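Here it is: the structure, laid out below.
These numbers were taken from a predicted model, which means no experiment stands behind them. Per chain, numbering begins at 1; letters A, B, ... match sequence-line order.
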Amino acid sequence: MKDYTKAQAEAITCLDEPLQIIACAGSGKTQVISQRIARILAQPGVQPRNVVAFTFTEKAAAELKDRVLGIVSRENGDVTGLAEMYIGTMHGYCLDLLQRLVPDTFKFSVLSDITARLLVDRNSRKSGLTVCPTSLASTPRLKRYLHSKLYLQAMSVLREDTIDESQIPPGVVAAQVDYLKLLYSKASFDFTEMINLTVQMLEGDPAEDEDAAAVQAHVREDIRYVVVDEYQDVNPLQEQLIRGLVQFGANLCVVGDDDQTIYQWRGSQVSNIVTFAGRYQGVRQVTLADNFRSSEGIVELAQSVASLIPSGERLAKEMVSAGSQKWERGDLLALTFDDDAAETAWICDRIEQLRGIPFQGSPGAEPRGLSWSDCAVLYRSVRADADSLVAELRRRNIPYVVKGLNRLFDSPEIQAVVGIFRAMIGEITDNDLRQLWLDAGLLPDLLRWDDALTVLEQGRDFDRGKRWGIYNIQRLYLDFLEALELREETLSGAPERGELVFYQLGKFSQVISDFEQIYFNTSPAEKYDAFVKWLTHQAPDYYADSDADAGYATPDAVTLATVHQAKGMQWPAVFVPCLRKNRFPSKRQGGVGLFHVIPETAVDQPDRYKGTVQDETRLFYVAVTRAQKYLALTFSPGHSQLYRNRSLLFDHCAAQTWVSTRQSTKPLPDKIEPKALQETPQVTISFSELKYLLECPYSFKLRFLYGFNPPIHEALGYGKGLHDGLAEVHKKAIAGELLGPSDAAELVDRHLYLPFAYPELRTTLRTSAIKAVERYFAVHGEEIPRTLHSEKQIQVHVAPGVTVDGRVDLIRRLDTDELSIVDFKSTDRAQAEDVTRDQLHVYAVGYEELTGENADLIEVLNLDEAGRNTREEVEDSLLAEIRDRIREAGDSIRSNTLPRLDNWTHHCERCDLVALCRDKPNPPAMLR
DNA sequence: CAGATAGACGTTTTT
DNA sequence: CGTCTATCTG
């Protein structure tokens with residue numbers, strides 16, 4: 001405990017009172033939370049499953065998990081059972097909770113922003129979109145495509161915020177009812193509904209609703225400690241969730257910094273954190289004021305920025321520098337330039353100057369030379385302002401990464417791909433298409449073009465068969481690429497180009513999946529027509545700010561990001577350019593907005609959704625506190641009238657004594673060898689991903705790094721439905737309730753969801769599913785009471801930062817008293833889950849980590865009529881070997897060495913993406 | 001010099 | 001559609 005400050009130690013040891021930790025920037029918050037969780041776990045009688053910790057992002061969760069694991073294994077030497085502690089996002093928690101305890105939701109899947117929009121657009125009336133009234137005189141109704149985003153925002157706000165329902169127009173209420181009806185009829189959650197339904201379960205009457213009773217019983221029995229990180233960004237619905245989880249007396253600890261609230265436009269409410277102590281009884285407040293990240297100059301500057309926020313809207317606190325960095329005159333700069341070009345040039349000059357300057361991460365550490373990745377340029381808007389810097393960095397050959405902006409549809413490669421479908425419906429000629437592909441540099445082998453055209457020709461023929469499912473867009477796309485024999489290596493240009501192009505092609509495969517998931521059951525001609533229209537008019541906008549990070553490897557490059565994306569990060573040198581009036585603080589937005597659907601007065605603190613000067617000040621505070629030592633704030637007049645003047649934030653900073661307004665002419669210290677700080681990224685993969693990785697690293701790369709998806713199969717959902725049905729059987733058995741063959745039809749009807757099947761297939765599959773369940777009861781009925789666990793969540797920690805997680809179908813005690821790990825297998829041709837011995841041994845490793853107990857047997861139970869079951873002993877030698885192989889697999893992801901198999905194997909035979917990898921070997925001459 | 005009016009312009013994003 | 005700026009008007 002002596003490495004901690006007094007405040008930190010107080011936070012760590014306070015386990016029994018409601019605790020509010022106010023953590024200033026760089027105060028070692030994550031370390032404190034992890035240490036506190038380790039303390040909780042060390043108490044006698046506390047099990048890992050008694051602890052729930054929420055983070056804002058998956059990334060933050062991975063980091064926290066790894067820290068806790070590190071501390072626990074160091075201090076206790078044993079991490080058994082830790083997989084049962086939940087550390088993750090609230091969304092993930094709610095989804096998991098529902099799909100464990102509420103059988104009706106087992107079959108539900110989650111819509112992304114994009115697929116939710118597609119669903120609303122396609123069902124414009126049924127979703128309520130076009131019937132939802134607005135207060136606009138000129139646009140009395142919302143329009144398809146144009147307003148689906150706004151409509152979804154309103155649908156979220158209505159559920160997430162504190163709303164005065166009496167003020168909501170009846171038409172809007174009716175629209176919302178329609179929307180939810182559609183969502184549930186499609187067995188889908190949007191991001192809000194996972195939390196909303198969980199809250200309903202937590203607040204429902206257990207006497208009336210058996211699902212609510214099950215959820216509440218679980219919470220009452222298991223949850224004893226709840227920790228909420230980034231508490232300042234919690235919205236009212238999430239606050240309700242937290243209250244529901246602690247309603248039976250669990251301890252609550254919230255951690256946050258009100259000065260860093262930057263998501264109020266998404267509904268988060270600063271007042272949650274500001275009034276926390278007044279809303280819960282006997283709250284202990286601890287302020288972590290020591291900043292271990294930045295120099296005194298930066299801390300003082302940040303303090304002066306925070307003081308611009310009116311005192312009634314923030315918690316009083318005084319951040320102090322712990323002296324981890326030394327402030328020197330000239331580290332902090334506020335500079336003005338005549339134009340954009342001069343500003344950009346200076347930033348590049350400065351980055352080049354700083355490269356190789358000795359830097360110590362903490363006092364006493366070995367100095368290293370700063371490198372590219374130690375510099376970050378943070379914008380209010382990357383989209384609006386970053387172009388000129390990108391051009392200059394490229395001109396100077398300085399490596400850089402622009403976060404979160406990919407502009408997928410701008411690239412000639414994607415335009416060429418879009419051309420395939422435009423040509424298909426006759427919007428452009430085949431010659432135009434060829435020209436597009438030539439211009440994009442995607443035709444290494446012109447001879448193959450005719451084969452590709454044949455694929456197109458066949459695709460155009462809508463009289464091939466009656467079933468709409470055979471007119472599969474994804475299939476056509478992959479066939480087209482296959483006909484061209486397009487390979488990563490054979491593309492012209494620099495070697496990295498192949499990787500870049502494949503990344504784009506893979507993203508496009510994801511675009512097709514998104515579309516086809518919603519439009520699968522549309523007549524072929526209409527479907528292709530709608531696809532092209534969507535690709536030209538909507539998709540570029542939908543995907544404009546979609547995720548662009550390619551894998552886990554971190555390049556040594558300058559980071560360009562928005563301030564929002566920089567949250568939680570730090571760099572030795574930070575640049576904040578384009579500090580222009582109306583940009584930062586940003587001018588308020590016009591346009592058709594939320595309050596044209598929902599009356600402003602019905603919402604508590606409606607200003608959140610509009611953006612205030614205080615919000616912008618908090619955002620700027622976040623930007624400043626990212627810097628460890630060097631911080632440059634710059635301004636040059638923008639091109640348009642609106643952005644000609646200096647930002648008031650810039651002027652405020654320039655007036656601070658710690659800041660220089662002219663760069664010093666004194667020479668910088670002597671340079672040493674630049675050495676990038678290599679952070680080992682956290683790698684978390686699922687069992688199914690691991691399966692691909694162990695079989696063929698390149699197949700893993702194509703699927704999970706590039707994003708290629710296999711075509712949708714009409715029977716998709718069959719295997720899942722069977723699994724879910726049996727899961728309910730076994731879960732009920734654990735609770736003491738035994739189902740039998742007469743329940744088979746009801747089970748299948750509850751769990752089998754076949755969104756892509758045509759009517760005839762649906763009937764066939766339903767019948768065979770019922771038979772399979774009946775057969776299961778007939779063959780295994782007597783063993784059902786021997787269930788120990790069903791759908792058991794397990795995790796394997798192989799090496800620091802490498803986690804594999806997944807679920808084991810069934811764990812049971814045989815009549816021989818042996819412990820058996822069981823995997824169900826069904827012939828679901830869409831997702832032929834081939835369970836290998838390797839994979840089952842991974843389960844055995846996971847089970848051992850979870851319970852400390854060794855499994856004796858691994859079994860595969862085939863649910864098919866003709867299928868064979870297998871049963872074999874767990875092999876200890878294989879267990880050790882599998883650990884090594886997973887560790888290697890983790891390393892290969894991090895270093896991005898994911899090569900093809902050396903030669904054609906049986907894995908290639910069954911791989912549905914093999915066309916993107918290699919040719920089929922020629923059959924032996926005799927067979928030709 | 002206050003007030004009216006025309007014209008320019010349009011952010012951030014996890015789950 | 002709303003906000004900010006420049007310019008015009010009395």
(message) Can you identify which nucleotide, out of B:dT12, B:dT14, C:dT5, has its nearest atom closest to the A:Leu642 side chain?
(response)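 For the A:Leu642 side chain, the nearest candidate turns out to be C:dT5.
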(message) Let's see if you can work this out: which of C:dT5, B:dT12, C:dC1 has an atom nearest to the side-chain heavy atoms of A:Val592?
(response)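 Closest of the options to the side chain of A:Val592: C:dC1.
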(request) Calculate the interatomic distance between A:Gln565 atom CD and B:dT12 atom P; express it in whole Å. (result)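 In whole Å, B:dT12 P and A:Gln565 CD are 9 Å from each other.
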(request) Can you figure out which of B:dG10, C:dT5, B:dT12 approaches the side chain of A:Tyr643 most closely? (result)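 Between B:dG10, C:dT5, B:dT12, the one nearest the side chain of A:Tyr643 would be B:dG10.
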(request) Would you mind telling me which of C:dG2, B:dT12, B:dT15 lies closest to the side-chain atoms of A:His596? (result)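 The answer is C:dG2, which lies nearest to the side chain.
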(message) Does a side-chain N or O of A:Thr89 approach OP1 or OP2 of B:dT14 to a distance below 4.0 Å, or not?
(response)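 No, no such contact exists.
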(request) Would you mind checking if A:Glu63 and A:Lys59 are paired as a salt bridge, meaning a charged N to carboxylate O distance below 4.0 Å? (result)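 Here A:Lys59 does not pair with A:Glu63 in a salt bridge, since their nearest N and O are not under 4.0 Å apart.
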(request) Go through C:dG2, B:dT11, C:dT5 for me and flag the one nearest to the A:Lys581 side chain. (result)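 Among the listed nucleotides, the one closest to the side chain of A:Lys581 is C:dT5.
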(request) For C:dT5, take OP1 and OP2 only and decide whether either is under 4.0 Å from a side-chain N or O of A:Asn582. (result)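 Checking C:dT5 against A:Asn582, a side-chain N or O does come within under 4.0 Å of OP1 or OP2.
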(message) Cation-pi check for A:Tyr643 against A:Arg583: NZ or CZ below 6.0 Å from the six-membered ring centre and within 45 degrees of the axis, yes or no?
(response)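 Yes, a cation-pi geometry holds between A:Arg583 and A:Tyr643.
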(request) Look at the side chain of A:Arg266 and the base of B:dT12, then say whether one donor and one acceptor between them are separated by less than 3.5 Å. (result)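 Side chain to base: no pair present.
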(request) Give one of base, sugar-phosphate or nothing for A:Val622, where a contact means two heavy atoms less than 4.0 Å apart. (result)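 Touches nothing.
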(request) Show the numbers, then the answer: is there a side chain to side chain contact (heavy atoms under 4.5 Å, CB included) between A:Arg807 and A:Asp96? (result) CA-CA 11 Å; A:Arg807 280 181 187 175; A:Asp96 184 61; 2.9 Å; yes
(message) Measure CG/A:Asp615 against C1'/B:dT11 and give the value in whole Å, please.
(response)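 Going from CG in A:Asp615 over to C1' in B:dT11 covers 12 Å.
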(message) Side chain of A:Arg644 only, heavy atoms from C-beta on: which candidate in B:dT13, B:dT11, C:dT5 is closest?
(response)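 The listed nucleotide nearest to A:Arg644's side chain is C:dT5.
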(message) What I want to find out is whether A:Lys29 reaches A:Asp257 closely enough, with some N-O distance under 4.0 Å, to be called a salt bridge.
(response)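 Not counted as a salt bridge, because no side-chain N and carboxylate O are separated by less than 4.0 Å.
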(request) Take the protein atom CG of A:Asn645 and the nucleotide atom P of C:dT5, then report the distance between them rounded to whole Å. (result)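 Value for this atom pair: 7 Å.
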(message) Can you measure A:Gln641 atom CD to C:dT7 atom C1' for me and round it to whole angstrom units?
(response)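 After rounding, the reported distance stands at 11 Å.
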(message) What is the distance, to the nearest angstrom, from the CZ atom on A:Phe56 to the C1' atom on B:dT15?
(response)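 Value for this atom pair: 8 Å.
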(message) Categorize A:Ser640 for me: base, sugar-phosphate, or nothing, with a 4.0 angstrom heavy-atom threshold over every strand shown.
(response)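 Answer is sugar-phosphate: A:Ser640 comes under 4.0 Å of backbone atoms only.
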(message) Taking only the C1' atom of each, what is the distance from B:dT11 to C:dC4 in whole angstrom?
(response)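 These two C1' atoms come out 16 Å apart once rounded.
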(message) Rounding to an integer number of Å, can you tell me how far A:Leu183 CG sits from B:dT15 P?
(response)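 Going from A:Leu183 (CG) to B:dT15 (P), I get 19 Å.
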(request) Please tell me which of the listed nucleotides, B:dT15, C:dC4, B:dT13, lies nearest to the side chain of A:Phe191? (result)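 Selected nucleotide (nearest to the side chain): B:dT15.
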(message) Tell me whether the count of non-hydrogen atoms from other residues, nucleotides or ligands lying under 6.0 Å of CZ in A:Arg243 goes above 12.
(response)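 Buried by this count: over 12 neighbours within 6.0 Å.
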(request) For B:dT12, take OP1 and OP2 only and decide whether either is under 4.0 Å from a side-chain N or O of A:Ser381. (result)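 Yes, such a contact exists.
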(request) Could you check how far CZ of A:Arg588 sits from C1' of B:dT11, rounded to whole Å? (result)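 From A:Arg588 CZ to B:dT11 C1': 14 Å.
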(message) From C-beta outward on A:Arg380, which listed nucleotide comes closest to its side chain: C:dA6, C:dT3, B:dT11?
(response)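 Within the option list, the nearest is B:dT11.
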(message) Would A:Arg266 pass as a cation-pi partner of A:Tyr263, given that its NZ or CZ must be under 6.0 Å from the six-membered ring centre and within 45 degrees of the axis?
(response)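 Here A:Arg266 passes the 6.0 Å and 45° test against A:Tyr263.
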(message) Categorize A:Asp190 for me: base, sugar-phosphate, or nothing, with a 4.0 angstrom heavy-atom threshold over every strand shown.
(response)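 Contact class for A:Asp190: none.
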(request) Return the value, rounded to whole Å, for the distance between atom CH2 of A:Trp265 and atom P of B:dT11. (result)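 In whole Å, B:dT11 P lies 12 Å from A:Trp265 CH2.
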